[in-house]
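Notes follow the structure.
Here the structure is a predicted model, which is why all the values come from computation and not from measurement. Letters A, B, ... are given to chains in the order of the sequence lines, protein chains preceding strands, and every chain is numbered from 1.
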Number of protein chains: 2
Amino acid sequence: MTVPQMAEIAALVGDPARATILSTLFDGRALTATELSFAANVTPQTTSGHLAKMTQAGLLTVLKQGRHRYFRLATPLVAQMLESIMAVAASAPPRYRPRTAQEDRLRLARTCYDHFAGILGVSIADALCERKHVILSDDGGEVTESGRAFLNDFGITLATRTRRPICRHCLDWTERRFHLSGVVGAAITTRCFDLGWVRRERNPRALQITPKGREGFRRSFGFSI
Amino acid sequence: MTVPQMAEIAALVGDPARATILSTLFDGRALTATELSFAANVTPQTTSGHLAKMTQAGLLTVLKQGRHRYFRLATPLVAQMLESIMAVAASAPPRYRPRTAQEDRLRLARTCYDHFAGILGVSIADALCERKHVILSDDGGEVTESGRAFLNDFGITLATRTRRPICRHCLDWTERRFHLSGVVGAAITTRCFDLGWVRRERNPRALQITPKGREGFRRSFGFSI
DNA sequence: CTGACGCTTCGGTGCCGCCCGAAGCAACGG
DNA sequence: CCGTTGCTTCGGGCGGCACCGAAGCGTCAG
């Protein structure tokens with residue numbers, strides 16, 4: 001039975017402090033133990049224990065650099081697992097939720113592993129679908145010819161040799177709708193950073209949309225945000 | 001923050017008894033509280049508590065029928081979450097594993113929600129791919145014309161109106177390779193049950209391949225099992 | 001070398017929650 | 001109507017683990 005192993009992994013995610021750490025690392029960055037201890041709101045000793053357990057279990061990998069130790073999610077599989085847990089958590093319980101300003105910022109725009117999520121992510125996906133640049137189906141999506149041209153204009157060239165440009169959708173856990181992930185989602189995100197349309201906030205998970213970005217999204221994608 | 005909710009869901013899966021229950025329900029069946037208490041190896045009272053918590057959290061739904069209460073996974077999202085946790089659990093830790101006969105049977109053939117998994121599931125996927133009846137790409141798959149014809153011969157008619165017959169792949173957590181899920185995977189599984197090629201074992205998760213089935217898989221799919 | 005910093009290990013405390021025994025309730029069968 | 005079966009709630013015991021304070025170890029700056 002692999003059940004005990006499954007329980008072990010789930011139990012690791014099941015502690016609030018560890019869940020916070022994982023969720024902080026969710027966008028793919030590598031952070032130091034101290035930064036994570038700050039994020040999780042526990043002392044460095046406690047954080048150290050958590051990080052050791054998760055590394056041991058294969059959820060995290062660590063990169064030693066001088067006197068710092070940088071932790072990151074070990075594999076995309078881990079990110080995918082977190083995402084599916086979040087999807088269930090978001091869809092399942094009505095529960096009460098206080099709604100903080102912090103949470104609102106997160107809801108507006110954030111990164112999900114390596115691509116946009118939140119209202120921004122969903123708006124981009126909607127815009128591309130509406131113009132038939134991307135066709136989303138039940139478990140994936142494809143970029144049309146017009147979409148390829150559109151992305152080209154936007155400064156993104158997709159490899160032409162692949163049968164189907166890798167374009168996935170990803171259930172947004174605040175909006176409960178799809179945003180784009182995969183190669184396409186990541187490329188759009190990177191491009192927007194390069195264009196200066198978005199910036200990281202003090203809370204590194206939330207994104208700030210610049211005035212230039214608002215204008216750009218309106219002109220290129222046709223939505224106001 | 002939705003982090004605490006995520007931790008809550010993960011913590012539910014993180015208890016061995018509950019993980020066993022969820023894993024027992026993983027193939028989509030509905031079982032009574034008593035059956036589940038047997039599977040989880042705890043008393044009915046304890047099981048009752050677990051089931052209540054998981055139902056409350058939206059992981060399970062319950063169907064009252066006379067004096068029985070049938071529990072099943074609430075949504076496919078939950079099954080997907082379990083699957084991704086299993087994938088991480090299987091890929092992450094080398095750990096020791098005793099290898100029981102029971103586990104070998106499970107590894108040979110079992111159902112994964114509503115479709116075949118294990119060596120059987122992977123073999124079917126391999127056979128269909130090799131003959132170009134199905135093309136698997138990075139995050140899904142499609143059925144070709146020849147595949148449609150093949151399935152037709154096999155007694156399965158796919159709806160023609162859908163843009164792309166829904167065919168997903170699903171990472172097999174014992175074989176670490178893909179098997180087919182989605183509509184196609186489920187249809188093949190159902191058909192094999194109807195043909196008497198597979199039967200449920202005493203352990204309801206494991207499947208028994210009948211002699212007729214071995215012959216059939218050899219003739220129709222070209223693999224020996 | 002000395003101090004500061006990042007991170008770890010060690011020991012002890014407190015709390016959460018898993019578990020079972022006992023008892024209660026609801027549905028079915030005779 | 002009473003016994004059986006399926007499932008629940010209640011109460012208490014007990015183990016495990018998250019947490020912190022203190023101290024130790026490597027790394028870097030001066």
Strictly distance-based, threshold 3.5 Å: is any side-chain N or O of [X] a donor or acceptor partner for the main-chain N or O of [Y]?
| X | Y | answer |
| --- | --- | --- |
| B:Ser48 | B:Pro44 | no |
| B:Arg18 | B:Thr47 | no |
| B:Ser23 | A:Val3 | no |
| A:Glu35 | A:Thr32 | yes |
| A:Ser37 | A:Thr43 | no |

If you pin A:Ala17 and A:Gln65 to their nearest nucleotides in DNA chain D, which one's is more 5'?
A:Ala17
Using the ring pair (Phe, Tyr, Trp, His ring centres under 6.0 Å) criterion, which residues pair with A:Phe154? Sequence neighbours excluded.
A:Trp197, A:Phe221
Rounded to the Å, how far apart are [X] [atom1] and [N] [atom2]?
| X | N | atom1 | atom2 | value |
| --- | --- | --- | --- | --- |
| A:Glu8 | D:dC17 | CD | C1' | 14 Å |
| A:Lys64 | C:dG6 | NZ | C1' | 11 Å |
| A:Leu51 | D:dC19 | CG | P | 12 Å |
| A:Phe38 | C:dC5 | CZ | P | 15 Å |
| A:Leu12 | D:dA18 | CG | C1' | 13 Å |

Ignoring backbone atoms, test whether [X] places a side-chain nitrogen or oxygen under 4.0 Å from the OP1 or OP2 oxygen of [N].
| X | N | result |
| --- | --- | --- |
| A:Arg69 | C:dT8 | yes |
| B:Lys53 | C:dC18 | yes |
| B:His50 | C:dC19 | yes |

Any base atoms under 4.0 Å from A:Thr32, or only sugar-phosphate, or nothing? Heavy atoms, all strands.
sugar-phosphate
Could you work out which one of D:dT4, C:dC18, C:dT8 sits closest to the side chain of A:Phe71?
C:dT8
Looking only at D:dT4, C:dC18, C:dG6, the nucleotide nearest the B:Arg67 side chain is D:dT4
DNA chain C-proximal residues of residues 39-49 of chain A, any heavy atom under 4.0 Å
A:Pro44, A:Gln45, A:Ser48
Which pair of heavy atoms, one from B:Arg72 and one from B:Arg29, lies closest together, and at what distance?
CB-O, 3.6 Å
